Amino acid sequence: QVQLVESGGGLVQPGGSLRLSCSASGSRFSSYNLAWYRQAPGSQREFVALMTTTNRTNIKDSVKGRFTISRDNAKNTVYMQMNNLKPEDTAVYYCNRWPTNDWGQGTQVTVSP
C-alpha cells in the first residue's frame, strides 16, 4: 500500500488560487498514475483530474481552464493548481493512486467571500 499525504488546502475568496500537493511513499512513484478527487458535503466523491505515468492528463469538464495537474517524480509529489476558484469548488480534496484503493486523508478547500 502506498501512503499519500495531501496539503495546501485552505480558505480562499472567490477568484483566488490554491495549489494542492500530494506526496507519496515508495520508490516507484514514477510508475503511479495519480488522480485528484473531491467530495462536497452531502455529495458523492467525484473525479477531478488524472495524470498518467506518461504525463497524459484528464480534467473534469467543469474545472478545465482553471485547474491543472502536474507531477514531480524527483519529489514523489503530484500537484493541482486551482485558479479562479468558485464557491462550488468547496470540498475535501483527495489524492488517489489510480485506479487503486490508495487514498490520502484529504485536504479541505473552502471558497467563500
Side-chain angles (χ1 to χ4, degrees):
Q1 187 175 7
V2 173
Q3 304 298 318
L4 301 167
V5 179
E6 302 98 332
S7 61
L11 173 63
V12 64
Q13 293 185 342
S17 298
L18 285 173
R19 187 176 80 156
L20 304 183
S21 300
C22 172
S23 297
S25 65
S27 59
R28 300 180 58 204
F29 181 82
S30 62
S31 70
Y32 304 157
N33 297 311
L34 295 152
W36 288 97
Y37 285 73
R38 68 185 181 185
Q39 187 167 18
S43 299
Q44 290 188 332
R45 193 172 296 188
E46 64 176 7
F47 169 82
V48 179
L50 169 70
M51 173 162 265
T52 71
T53 58
T54 57
N55 290 336
R56 294 183 67 176
T57 62
N58 184 15
I59 309 291
K60 178 181 175 66
D61 283 347
S62 64
V63 304
K64 277 182 181 176
R66 300 190 296 121
F67 290 13
T68 57
I69 187 171
S70 62
R71 66 191 296 161
D72 186 336
N73 290 339
K75 295 183 177 180
N76 277 24
T77 301
V78 61
Y79 304 98
M80 187 160 69
Q81 178 67 41
M82 306 187 296
N83 298 328
N84 191 21
L85 282 160
K86 303 177 180 181
E88 52 264 40
D89 296 318
T90 295
V92 178
Y93 284 72
Y94 297 92
C95 182
N96 169 254
R97 184 169 71 98
W98 189 89
T100 74
N101 201 34
D102 292 335
W103 294 90
Q105 82 289 349
T107 186
Q108 176 71 48
V109 171
T110 302
V111 185
S112 179

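Keep in mind that this is a model prediction, so the values were computed, not measured.
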Do [X] and [Y] come within less than 4.5 Å of each other through their side chains, counting heavy atoms only?
| X | Y | result |
| --- | --- | --- |
| I69 | Y79 | no |
| F67 | Q81 | no |
| R56 | N58 | no |

Next on the checklist: For D61, give me all partners under side-chain contact (heavy atoms from CB on, under 4.5 Å), at least two apart in sequence or on another chain.
Outcome noted: K64
Checklist entry - Are V12 and V63 co-members of a hydrophobic cluster defined by side-chain heavy atoms under 4.5 Å apart? => result yes
Item to check | Joint hydrophobic cluster, L18 plus M80, side-chain heavy atoms closer than 4.5 Å | outcome: yes
Checklist outcome for this item: Heavy atoms of C95 and V78 approach each other most closely as SG-CG1, 3.9 Å
Next on the checklist: To check you understand the geometry: which heavy-atom pair defines the closest contact between M82 and L20, and what is its length?
Outcome noted: CE-CG, 3.7 Å
Return a table of donor-acceptor pairs under 3.5 angstrom between the side chains of residues 34-41 and protein atoms on other chains or two or more places apart.
from	atom 1	to	atom 2	distance (Å)
R38	NE	E46	OE2	2.6
R38	NH1	D89	OD1	3.0
R38	NH1	Y93	OH	3.0
R38	NH2	E46	OE2	3.2
Q39	NE2	S43	O	3.1

Checklist outcome for this item: Tracing side-chain contacts under 4.5 Å among Ile, Leu, Val, Met, Phe, Trp and Tyr outward from V5 reaches none
Next on the checklist: Applying salt bridge (charged side-chain N to carboxylate O under 4.0 Å, His left out) as the test, list every pair that has at least one member in residues 10-27; sequence neighbours left out.
Outcome noted: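 For residues 10-27, and leaving out neighbouring residues, there are no salt bridge (charged side-chain N to carboxylate O under 4.0 Å, His left out) pairs at all.
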Item to check | Gap between atom CZ of R71 and atom CG of N73 - 0.5 Å precision | outcome: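 It comes to 4.5 Å.
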Next on the checklist: Using 0.5 Å steps for rounding, measure from the OG atom of S25 to the CG atom of L4.
Outcome noted: 7.0 Å
Residues 102-113, side-chain donor-acceptor partners within the protein, below 3.5 Å, at least two apart:
from	atom 1	to	atom 2	distance (Å)
D102	OD2	V2	N	3.4
D102	OD2	R97	NE	2.9
D102	OD2	R97	NH2	2.9
W103	NE1	N101	OD1	3.2
Q105	NE2	E6	O	3.3
T107	OG1	G9	N	3.1
Q108	NE2	A91	O	3.4
Q108	NE2	T110	OG1	3.3

Donor-acceptor contacts under 3.5 Å from residues 26-33 side chains, at least two apart:
from	atom 1	to	atom 2	distance (Å)
S31	OG	R28	O	2.6
N33	OD1	T53	N	2.9

Next on the checklist: Donor-acceptor check, side chain of D72 to backbone of N76, threshold 3.5 angstrom: yes or no?
Outcome noted: no
